[in-house]
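Whatever order the structure lists ligands and atoms in, that order sets their numbers, starting from 1. Just so it is clear, the model here is predicted, and its values are computed rather than measured.
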Amino acid sequence: MGGVLDQFYNDNYSPVGDIVVVAMCFVMLILVYTSYVSKTRTFLYFNIIVGLLLFAAITDIAYHYQLSGITSAEGHVPVYIFRCLYYFFLTASLFMYVVYIIDVQRLEISKKKPILTIAMVAFGVVVVFDILGVVRETGFHINDDGTTTKGRNIFPVGYIVFVGIIIFLMIVYRNRIFKQVMRGFYGTMLVSFIIISVQQFSKQSSFTVATFLFPVVSMMYIIHSNPYNIELGAINVSAMEDMLRYYYEKNKTLITMSLYIKEFDEEGKNFPPEIQSAIRRFAGEFFKGAVLFQVNNGHMILLADKGLNPDYEKKILKMFNDFDVEYDQYKLDYKIVYGESVDEISRNHEYISFIRHIHRGMKYNEKHRVEMSDVALFNKYEYILKELADIHRGGNLRDPRVLAYCQPVFNVKTQRYDTAEALMRIKLPETGLVFPDQFITLAEENGYIHTLTKIILQKTCDEIRYLLQEGYEVNRISVNVSVLELRDESFCDDIFRIIDESGIPSEKIAIEITESQSEKDFEVMKSKIDVLKEKGIKFYLDDFGTGYSNMERIMELPFDIIKFDRSLVLASNNDTKSEKMVDGLANMFKDMNYSVLYEGVENENDEQRCINMAASYLQGFKYSRPIPIMDLKNFFSKVKETA
Ligand code: C2E
Ligand code: CA
Ligand code: CA
C-alpha cells in the first residue's frame, strides 16, 4: 500500500473508523433531508451532534496524519491544533447528547437547569484543561526528536462525567419516554461501551468517534425517521404540516393539491397497483419538486413550491384533464381540494382539519379551489367546535348557550296545536345564533351530541312543566335524537333521569329518529325503543322519504308517527302520479295504525293536499316558523275549566 495510508498505522490508529464515520454522517444527513423529517428543535440538536461528530472524525484523521508526518522539531503546531479541536468536538458532542436527551424527555426548567449547569462546567473544564495541558506541556507533548509523550489526559475523566450524566437521565427520567424507545437507546449505548472497552484493552484508538455515532443512528431510526410508502412514494403526514410551516416562515407559497377517494378510506384498504401507479404519475409528472403526503388510506396531499412552478395554473388544468380521463376508467368517488397555501392555516398546523372541513361542504366528484371565504368559515367552525367542547365539559343541563326553539304542530283532528317539535340552536358571543346545519354534524363527529340532546330535553321538560302548571293542554313535545347516541349504554337512563327529575309524565316527551342504513344500528335502535316505550315515550320516524327506506325494517320498529319529509309534500304537487304514490304510502301507514305527519307545509295548497292524503298532523312555515320555546304558549290552548 502506498505512502499516505502507511503513515497512519503507527500509534495503533487506522483512519478506517473515522472515514466510515464521515461517510455515515453524510449518509444520515442525506436520508433525513430527503425524507422530510419534522424540523423540530430536537432535530436541530440531532443535526448539531452529527455535525460535531463529522468534524471530530475529520480532525482526528488530520491529527494523526500530521502526527505521523513528524520527524523532527518541525510542524508541531498543526498537530496540537487538530488534536485540541478533535477533543473539543468530541466533548461538545457529549454535551449535546445531554442537551438532546433533556429535550426528548421534555424536562421542566427546574429539573434541567442543574443538569445543564453541571454539563456546561464539565465541558468548560475539559476543554480548558486540555488546551492548558498542551500549552504548559503537562499533557500531550511532542518531543524535539519527534516522539510524543502522552502526559495527563483529562478527556477520559470528562467522558466518564458525561456518560454518568446520561445514565442518570436515562434511569431517573426513564418514564418520560416510551419503554420500547428507551430499550433501543440502552441497547445502542451498550454496544458503544463494549466497543470502547475492547478498544481500550487492545490499545487501539481508531473507533472512538465511531462509538459516539451508534446512539445517533438509533436516534435517527427511532425519532427522526419518516419512511416513504414504497408503492406510492408518499411520506407520513406529520411532515406535511411541518413543510407548510417551514414555507410560511420563509415567506414562500406552496401549491396544494388534495385528493380524497372514498372507496379506500377504511382501515386496511389499500390502493390497488394500477391506482398506485396513477398516483405516482400524478405526483411526479406535473409539478417540479412536488412532495406527496399520505394523510390516511384514502387521502393524499401533494405540495409543490410555487416559485419553481410559475406556470402552475396551466399545469393544474392539464392535471385535471388527465385526472378526468382516469376517472372515466375507474369511476371512484373523489373530492379534490386545491389552491395555494394559506398563511393563517400553515402557521397553526391546521391544514388537515382545514381540508376536512372543506370536504364537509362538498359533493363527491367535485374539484374545489380554496378561497379566503373557506378560511373565514373554517375559523368560525373551529370557534364553534371549541364552544361545543366547553359546553360538553361544563355538563350544565341548562347551559344558556344552547337554546331550545320549537315548531308547533297542527293536529288535524282537533284543529288545535297540542304537540310541537323541539329544535336546537346555539347562541355564541362571536357568532350570534347558529343553526343546526352548522353544528349538528360537528357535534356528532366529536362526541358532543348526546350532551346537547340532554340540554334540549332538560329545557323542553322545564317548559312542559311550566305549560302544564299554567293549565295548557300539552299532548307532547318531540325531541330529535341522533342515531349515534343510541349506541351509548346509558342513553335510556339519561333520558329517564331528566324526565323524572323534572316531575312531568314521561308520555309528554317523544323522540324523533331518522332511519339508519346499518344493521347494527337497527338492532341497537330496536332494543332502546322497546325500553323507552315501556314508559310511554312515543317515537317518530323522522325524514321519511329522504333516504332509501327499508319498509320491512320500519315495520319492525314500533314507531307511532311517521314524519313525511317536505320533499314528499313537494313531490305530491308535481303530477298526479306522484300525488297518488304519496297518498298511497300515507294511507298504507294509516291502515297500519301509524299517524302521518307532513313536514314543510308552507301554504294553503300544501295544507289541503296533505289533509287529503291521510294527514293526522301538519307542521311547517304555514303555521309557524321555529320560535323560542317560551313562545309556545301563544299556540297552545288552555284546558277548558270544568264547572
Ligand atoms: P328536522 O328534524 O327535519 O327539522 C325540521 C327542519 O325543517 C327545521 O330546520 C325547520 O326549521 C325546517 N322547517 C320547518 N318547517 C318548514 C317549512 O315549511 N319549509 C321548510 N323549507 N323548512 C321547514 P332546522 O331547525 O334548521 O333543523 C334542521 C335539522 O337539524 C333538523 O331537521 C334536525 O335534523 C336537526 N336538528 C334540529 N334540532 C336538533 C336537535 O335538537 N337534535 C338533533 N340531533 N338534531 C337536531
Ligand atoms: Ca325532526
Ligand atoms: Ca324532518
[X] and ligand 1 - part of the residue with a heavy-atom distance under 4.0 Å:
{"X": "R425", "result": "side chain"}
{"X": "K563", "result": "neither"}
{"X": "K622", "result": "neither"}
{"X": "D542", "result": "side chain"}
{"X": "E599", "result": "side chain"}
{"X": "L423", "result": "both"}

Protein heavy atoms: any of them under 4.0 Å from [atom]?
{"atom": "atom 12 (C) of ligand 1", "result": "no"}
{"atom": "atom 9 (O) of ligand 1", "result": "no"}
{"atom": "atom 34 (O) of ligand 1", "result": "no"}

Note to self: Strictly under 3.0 Å of the Ca ion (ligand 2): which protein N/O/S atoms qualify?
What the structure shows: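 Within the sphere that stays under 3.0 Å of the Ca ion (ligand 2), the protein atoms of type N, O or S are E421 OE2, N480 OD1, E512 OE1, D542 OD2.
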
Would you say [X] has more than 12 foreign heavy atoms packed within less than 6.0 Å of its [atom1]?
{"X": "N593", "atom1": "CG", "value": "no"}
{"X": "F323", "atom1": "CZ", "value": "yes"}
{"X": "K590", "atom1": "NZ", "value": "no"}

Once you measure the plane-to-plane angle for [X] and [Y], does it fall in the parallel (<30°), tilted (30-60°) or perpendicular (>60°) bin?
{"X": "H450", "Y": "F491", "result": "tilted"}
{"X": "F293", "Y": "Y36", "result": "perpendicular"}
{"X": "Y351", "Y": "F354", "result": "perpendicular"}
{"X": "H359", "Y": "H299", "result": "tilted"}

Next item on the list: May I ask you to check if ligand 1 and E602 share an N or O to N or O distance below 3.5 Å?
Entry: yes

Next item on the list: Return a yes/no value for P626: is any of its N or O atoms, backbone included, closer than 3.5 angstrom to an N or O of ligand 1?
Entry: no

Item checked: K528 (side chain) donor-acceptor with L486 (main chain) under 3.5 angstrom -> yes

Nearest heavy-atom neighbours spanning [X] and [Y]:
{"X": "Y623", "Y": "L618", "result": "OH-CD1, 3.1 Å"}
{"X": "T451", "Y": "H392", "result": "OG1-ND1, 2.6 Å"}
{"X": "E366", "Y": "M362", "result": "O-CE, 3.4 Å"}

Notebook entry, point to check: Just going by heavy-atom distances, which of P436, S567, A443 is nearest to atom 24 (P) of ligand 1?
Noted result: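 When every heavy atom of P436, S567, A443 is considered, P436 comes closest to atom 24 (P) of ligand 1.
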
Note to self: Which option wins on minimum heavy-atom distance to atom 39 (C) of ligand 1: D606, I449, N480, D543?
What the structure shows: N480

Notebook entry, point to check: E421 heavy atoms, cut-off 4.0 Å: which ligand 1 atoms fall inside?
Noted result: 2 (O), 4 (O)

Next item on the list: Going by the side-chain hydrogen bond (donor to acceptor under 3.5 Å, both in side chains) test, name the single residue among R609, Q608, E602, E607 that passes it with N605.
Entry: R609

Next item on the list: Output all residues satisfying salt bridge (Lys or Arg N to Asp or Glu O under 4.0 Å) with E515, sequence neighbours left out; order by chain, then residue number.
Entry: none

